[in-house]
Amino acid sequence: MEYNFSEIEKNWQARWASEKTFKAEIDKGKPKFYVLDMFPYPSGAGLHVGHPLGYIASDIYSRYKRLKGFNVLHPMGYDAFGLPAEQYAIQTGQHPATTTEKNIKRYREQLDRIGFSFDWEREVRTCDPDYYKWTQWAFVQMFEHWYDFSTHKARAIAELEKIFEISGNIALNAACGDVPLFSASEWSKMERERRSEILMEYRIAYLGETSVNWCAALGTVLANDEVKEGLSVRGGHPVEQKKMRQWQLRVSAYAERLLKDMEELEWTESLKEMQRNWIGKSQGAEMTFKVMNGESEYSLDIFTTRADTIYGATFMVLAPESEWVERLTSNEQKVEVEAYLAAAKKKTERERMAESKKVTGVFSGSFAINPFTQEKIPVWIAEYVLAGYGTGAIMAVPAHDSRDYTFARHFNLPVIPLIEGCDVSEESFDAKEGVMCNSGFLNGMSVKEAIPAAIDEVERRGIGRRKINYRLRDAIFSRQRYWGEPFPIYYNDGIATPLSIEKLPLELPEVDKFLPTESGEPPLARAENWSFNGWPLEKSTMPGFAGSSAYYLRYMDPSNREALVSKDANNYWRDVDLYIGGTEHATGHLIYSRFWNKFLYDLGYVCEKEPFRKLINQGMIQGRSNFVYRVKGTNKFVSYGLKDSYDTTEIHVDVNIVNNDRLDLEAFRNWMPEYENSELILEDGEYICGWAVEKMSKSMFNVVNPDTICDKYGADTLRMYEMFLGPLEQSKPWDTNGIDGVHRFLKRFWRLFFERENFRVSEEAASPAELKVLHKLINKVQTDIENFSFNTSVSAFMIAVNDLYELNCNKRSILEPMVVLISPFAPHIAEELWSKLGHNSSISFAMFPEYFEKFTIENSFEYPVSFNGKLRFKLELDRSLSVQEIEAAVRSNENTEKFLAGGSIKKIIVVPGKIINIVC
RNA sequence: GCUCGGGUGGUGGAAUAGGUAGACACGCAGGACUUAAAAUCCUGUGGGCAGAAAUGUCCGUACGGGUUCGAUUCCCGUCCCGAGCACCA
């Protein structure tokens, strides 16, 4: 009987859907297991063969866990708000909702063909008002809370107002912006506007002036993780710095917890490292310098991690955007400084980065006093100091900081070495090692001793204190775009006020065009009556990460109208046990989501402080492009092996008309009109194409559609082949060439159950040799799945099937467990054979937790062997024994007999005094 | 520049508490079946040398050293590739 995969797959997919096989429900009698994929943005191009890689892996794991008796939650949905749909809408006038809906439908069709065990009843879409109601709700919660560093928790704004009434903000240790100290009586005398301004500085979701990444081409601001190398991640447009009043989330308040709680997560070290870098904790000191601009005297704060180098601070530097620049520019220097600032301002972020090696700067005309040497040192303004980090001002120690060094050499400022024996004639000495000199009371100490000693002295003198700084900035939350969640905020007399929960969701209004208005306002300004009770509503929308920050919680209870997630559902499903997705979200989504979760945790809405316990980053699947070689100036194409004897141009050719790098000549001539009459110069009667690994994209004609593979080979082959391609976490090119091997294997597997046309499975008891094949496989597949080493388990199946052919085995006691074993990988064929073996219900209902254990070596196999084909044990051997005597001892050992199971010894490797390996 | 990964046949990749390097698959070559093709099955396949052959032998896991009876695996140095961060004081 033929392995008719298309019929088998169609039937079982229909049956899974109609029987709701993968519907997950709370079952307190079973342990839960939550397997989540990063949900896709449904783009217009549809899925290519690289997209499902992670979904296949998570599906294998989900199905495996179900077999082991877990109650598995495995949902899927769509991250549906986003820029491409909006850009497309601007070009075509089609509503983004329409194109998004269309794309989702297409995605769903493609996904369904691969046979995933998703519970589609839990599907979420971020653009659905019933969904984004809870995104808006969370935002309102953040608006109505502040962060208290003394309790390490978010607390209600109402509590903050009480504190202000009783004691002002003097004793407060809160995450906040720039707020002057005030007493209770001062607070009581403040106007409503002033109070709301102050409260705004404390809110976790707040409106504030900040330097933002402005992308003129997109007409919107972008978050730091949406900008790479000065260009927007989406679209690659230039980005510049601009001061704007924007909604922000006080993520920085959670920096320490985000850092600390990561320790216990099962994430890869490199991913954790990326987050650590992004959070960028550094311990040091804040120090105050006296600065003088002519007669006026000020106190300027700086941050440093190297307080020990204070004696070598020979000048100071301000960021061009620093508010100190104006105060500290002397009249004589005014013209020069203004010219410098204007030039700096004009540069885009990209230009600034490209020129980062160029040294630029200008003297402000002011001087500071080094508090330890009492020297008068100049204050400069330079681009290499960033306004957003620390205080936007530094003390420069050219001898021990390479950036200060380059600057000092360029502008001829003094360099004072502070470490004995260091040579600063060519470059600075940045290492934190050596013995201090030229440093007053620090002389003779090692750097490691000097750092705390210097800070102690600074604190004793009252000119500074210990300080921890984080690189992590607050997230800019406003986007001047249409296709996103509207802010549930209106401006009552200009005061930002949230809508109450009963008014949510605040739905996205209709607009005539999806572009900004002529006056530069966001697209929502085009909406008629965009107001609440006559007050204007906020016109920007939320960024892409808003909707993806809590979606894993919504899956737990997707249709709840009263809450984001019920207590009951949350207490059962708790957190994501396994999260699979691309590494590109390492510093965006994965930070925001953790922050969002921690905030809801503080408020008691969720019960776990971390959302994603274990995380796997699947590698990207790249394209494998094919080339033909056109002889320049002709319509002749020469085969790969002959191309060097001609002057040729390399041209991409559609990989779908190439097989094993052999060009389908007929298809090529029909591919494009210009090739219709081309002349092909062959070698050995064939046209061989060149190839290269590139990004999978339409323009390179190397996109392989999973539908094509499903048509030709079936979903089970696609699933197994994607796993067989290589380690899950590694990036690798897609190469359709190898797929035949996997397809052949499935056909061979199928034929194990048939004799000629008949299904024939024997009820006879299995032989030891047959059992050995099965147990070897169970052992291997189980450990491989647990380690996400799916490529080697596919190999293990192939070996087992080959072995069974050799043994001519068709016994139920061997084949039935094999069907169970293979079902996570190739569920359709497994279901079909399972039903042919006489089982009525789906193999997914089989759920034998014991099935895997039953067949592990320890529990059932009588041979104490290691399955690598090697037996290892220690024998008490005398080193004087001859080779023959050792062999005799090995042969007569009882373990050897058991291991051989009737086979014979091929080779014995004896390592004196250690191990004996027997190969059979 | 800094921080992580990683360099194994023609190709994708196996194998590390140090113990037969190249599992499994692709490709290639040869063969069986067939009028033929497809499908299926069998055999060979890292390189050199010797041999008619079975086989033997030497060299081989980026390069150079080291530890060890034994190194793809551990240590030191060099080169190359990939990813991330990039004036964070």
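Being a predicted model, the structure only gives us computed values, none of them experimental. All chains are named by letter (A, B, ...) in the order of the sequence lines, taking the proteins before the strands, and each is independently numbered beginning at 1.
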Legend entry - Protein-nucleotide distance (A:D661, atom CG; B:rC28, atom C1'), rounded to Å: 13 Å
Inset, instruction - Taking ring pair (Phe, Tyr, Trp, His ring centres under 6.0 Å) as the test, write out the residues that go with A:F407, two or more places apart. - result: A:F315, A:W380, A:Y384, A:F411
Legend entry - Distance in angstrom units between A:D430 CG and B:rA89 P, rounded: 12 Å
Inset, instruction - Would you please confirm or rule out a distance under 4.0 Å between OP1 or OP2 of B:rC87 and any side-chain N or O of A:S402? - result: no
Legend entry - Given RNA chain B, 5'-ward residue of the pair A:S282 and A:M798, judged by closest heavy atom: A:M798
Inset, instruction - Could you check which of B:rC24, B:rG13, B:rC87 has an atom nearest any side-chain atom of A:P727? - result: B:rG13
Inset, instruction - Answer with yes or no after comparing the ring centroid distance for A:F745 and A:W750 against a 6.0 Å cut-off, counting only values under it. - result: no
Legend entry - side chain to side chain contact (heavy atoms under 4.5 Å, CB included) between A:V655 and A:T736, worked out: CA-CA 9 Å; A:V655 293; A:T736 309; over 6 Å; no
Legend entry - Anti/syn call for B:rG66, syn if |chi| within 90°: anti
Inset, instruction - Enter the distance from A:K272:NZ to A:L590:CG here, rounded to the nearest 0.5 Å. - result: 13.0 Å
Legend entry - Closest nucleotide among B:rU3, B:rC85, B:rA89 to the A:D401 side chain: B:rA89
Legend entry - Ring-ring centroid check A:H743 A:F5, cutoff 6.0 Å: yes
Legend entry - Any residue of residues 740-748 of chain A with a heavy atom less than 4.0 Å from an atom of RNA chain B: A:G741, A:R744, A:K747, A:R748
Legend entry - Test: A:R748 cationic atom under 6.0 Å from A:Y805 six-membered ring centre, within 45° of axis: yes
Inset, instruction - Check whether any side-chain nitrogen or oxygen of A:Y389 sits under 4.0 Å from OP1 or OP2 of B:rA89, and answer yes or no. - result: yes
Inset, instruction - Kindly express the pairing pattern of RNA chain B in dot-bracket notation, using | wherever a base pairs with another strand and counting only Watson-Crick or G-U pairs under 3.5 Å. - result: (((((((..(((......[....)))((((((.......))))))(((((....)))))..(((((..]....))))))))))))....
Inset, instruction - Mind checking A:I799 for me? I need base, sugar-phosphate or nothing, with any heavy atom below 4.0 Å counting as a touch. - result: sugar-phosphate
Legend entry - B:rA14 OP1/OP2 closer than 4.0 Å to side-chain N/O of A:N791: yes
Inset, instruction - To the nearest 0.5 angstrom, please state how far the CG atom of A:L418 sits from the CD1 atom of A:I416. - result: 7.0 Å
Inset, instruction - Return the nearest nucleotide to the side chain of A:T792; candidates are B:rA15, B:rC87, B:rC24. - result: B:rA15
Inset, instruction - Please report, rounded to the nearest Å, how far the P atom of B:rC2 is from the CD atom of A:E427. - result: 11 Å
Legend entry - Cation-pi, A:W267 ring and A:R594 (6.0 angstrom, 45 degrees): yes
